[in-house]
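Here is the structure we will look at, set down as structure tokens.
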Amino acid sequence: MGMTISEKILAKAAGVEKASAGEILWAKVDKAMMDDILGPRVEIAEKLKSLDKNIWNKDKVVVISDHYTPPANAKQAEIVKFTREWSAANGIDNYYEFVGPCHQIMVENGHALPGKVIVGTDSHTCMYGAMGAFATGVGSTEMLGVLVTGEIWFKVPETIKVVWDGVLPKGVMAKDVVLKTIGDIGHAGATYKAVEHVGTTIENMIMDERLAISNMAVEMGAKVGIIPSDEKTEAYLAARGITDGYEHYESDADAVYCETRHYKAEALEPVVACPHEVDNVTAIKNVAGTVIHQAYIGSCTGGRYNDLLEASKVLKGRKIAKGVRLLISPASKEVWDACEKDGILRMLSEAGGTILAPSCGACLGLHSGAIAPGEICISSTNRNFLGRMGSKDSQIYLASPVSVAAAAIEGKIADPRKYL
Ligand SMILES: CC(C)[C@H](C(=O)O)[C@@H](O)C(=O)O
Ligand code: SF4
């Protein structure tokens, strides 16, 4: 009986020949990521000191201040200062701040490589599954164990295989693919499972699109959301000067899956996740005309170069509706710079968009872009829980960047395909 990609990566990390779903094993961690909100807080630092232990391998630790940058108040500034100083005092060279959400920074800087085991103090660490890594979010206490031992235990997850074949229609993006998948599997339907995304639709996706898919694995309860790495992954890494130090894995033809789902890309139309659950998914045509007050394009889910590029194609030569706010937060400084160089930010701004700093910001209502009571926001982010982006008396529709852009033009939820 063959192995799935997850079983293979975990077997390698545990130093064993074979691993099967359900087994418990201790895996060596290749990279440990901590963000400013759940990372090296005072408790972790105090505990580490009291254990009088050193960090197992400082080169394998990455710390990123992203949820509280730019700080909205003194408290947030203090947390960023503590995170910065803790990282310096502990010899963590891989420290980043004010450059955007942690997951985009991890991928852009080559900290998420194929075949690796990566854990992070953020639930969307699963995003690196798009690079062919076994990557998952952990709590601060588990991270403390990793910092000291360099290892963590896993129950090898069963795998759900999700096959998307065919060519996506114009105006339909990876975000529609993953929302449709989550809508069908349910927000807890993949709890503690690995979801493996394969098929010609996925193979033909650029990395920016694959990252959006793996980013949302946790929104169906999954441990990881893996896409087998390939020549596109290699090219993405080579463009960043990384040509070795990783290995490709793919599932065996006779690997065992607990479930397999098949989808035809041509049948997919633009969808939204309606308030207040990510799996409350329906076709845009069923909610078209819903008035919106804010349109948001940003976050580690939907703020990448391709997201802003596709949104700019919808908005090119057009203006957003009077009374609507279109906020755009590039997923990183690198994305900002590239979009500025290519005139994309200018185009979005001329359409009436407001460009915000690369940050977690509005995605979880921490600062720039929070929404008021009674307001409705359509957003390219990954969560629409009650109060997620601000007031508990507001509503969030999750959609692709082109659907967000179309809604900004009309001031109400609209099908993006008419603008392309
Ligand atoms: C870190 C934490 C506050 C949270 C997560 O773990 O995902 C946040 O990033 C989010 O998107 O809800
Ligand atoms: S951008 Fe949003 S989803 Fe991503 S890490 Fe930040 S808060 Fe979490």
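Each ligand, and each atom within it, is numbered from 1 in the order the structure gives. Side chains are part of it too, since the values below use all heavy atoms of this structure and drop only hydrogens, waters and symmetry mates.
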Identify all pairs of nitrogen or oxygen atoms, one from ligand 1 and one from the protein, separated by less than 3.5 Å, and list them with distances.
residue	atom	partner	partner atom	Å
ligand 1	6 (O)	Ser123	N	2.8
ligand 1	6 (O)	Ser123	OG	3.4
ligand 1	7 (O)	Asp122	OD1	3.2
ligand 1	7 (O)	Ser123	N	3.4
ligand 1	7 (O)	Ser123	OG	2.5
ligand 1	7 (O)	His124	ND1	3.3
ligand 1	7 (O)	Arg383	NH1	3.4
ligand 1	9 (O)	His67	NE2	2.7
ligand 1	9 (O)	Asp122	OD2	2.6
ligand 1	11 (O)	Arg388	NH2	2.8
ligand 1	12 (O)	Arg383	NH1	2.9
ligand 1	12 (O)	Arg388	NH1	2.7
ligand 1	12 (O)	Arg388	NH2	3.4

Problem - Atom NZ of Lys180: over 12 foreign heavy atoms under 6.0 Å - result: no

Practice task
Flag the pair Glu219 and Arg383 as a salt bridge only when some basic side-chain nitrogen lies within less than 4.0 angstrom of an acidic carboxylate oxygen.
Solution key: yes

Problem - Residues Glu340, Arg346: salt bridge by 4.0 Å N-O rule - result: no

Practice task
State whether the side chain of Asp279 and the backbone N or O of His187 hold a donor-acceptor pair below 3.5 Å, judged by distance alone.
Solution key: yes

Problem - Reference residue Val224; test side-chain contact (heavy atoms from CB on, under 4.5 Å); the match among Thr159, Val218, Thr136, Ile9 - result: Thr136

Handout entry: Test applied, salt bridge (Lys or Arg N to Asp or Glu O under 4.0 Å); reference residue, Glu334; option that passes from Arg304, Arg240, Lys341
Key = Arg240

Problem - Short N-O contact, Arg325 and Glu375, less than 4.0 angstrom - result: yes

Exercise for the section: Specify the protein heavy atom at minimum distance from atom 5 (S) of ligand 2: its residue, its atom name, and the distance to 0.1 Å. Expected result: Asp122 OD2, 3.6 Å

Exercise for the section: Answer yes or no: is there an ion pair linking Lys232 with Glu234, defined by an N-O contact shorter than 4.0 Å? Expected result: no

Problem - Glu250 CD: over 12 foreign heavy atoms closer than 6.0 Å - result: no

Exercise for the section: Just say parallel, tilted or perpendicular for the rings of Tyr263 and Trp164, cut-offs at 30° and 60°. Expected result: parallel

Practice task
Would you please determine whether Arg388 falls within less than 4.0 Å of ligand 2 on a heavy-atom basis?
Solution key: yes

Problem - Total protein N/O/S atoms whose distance from atom 2 (Fe) of ligand 2 is less than 2.8 Å - result: 1

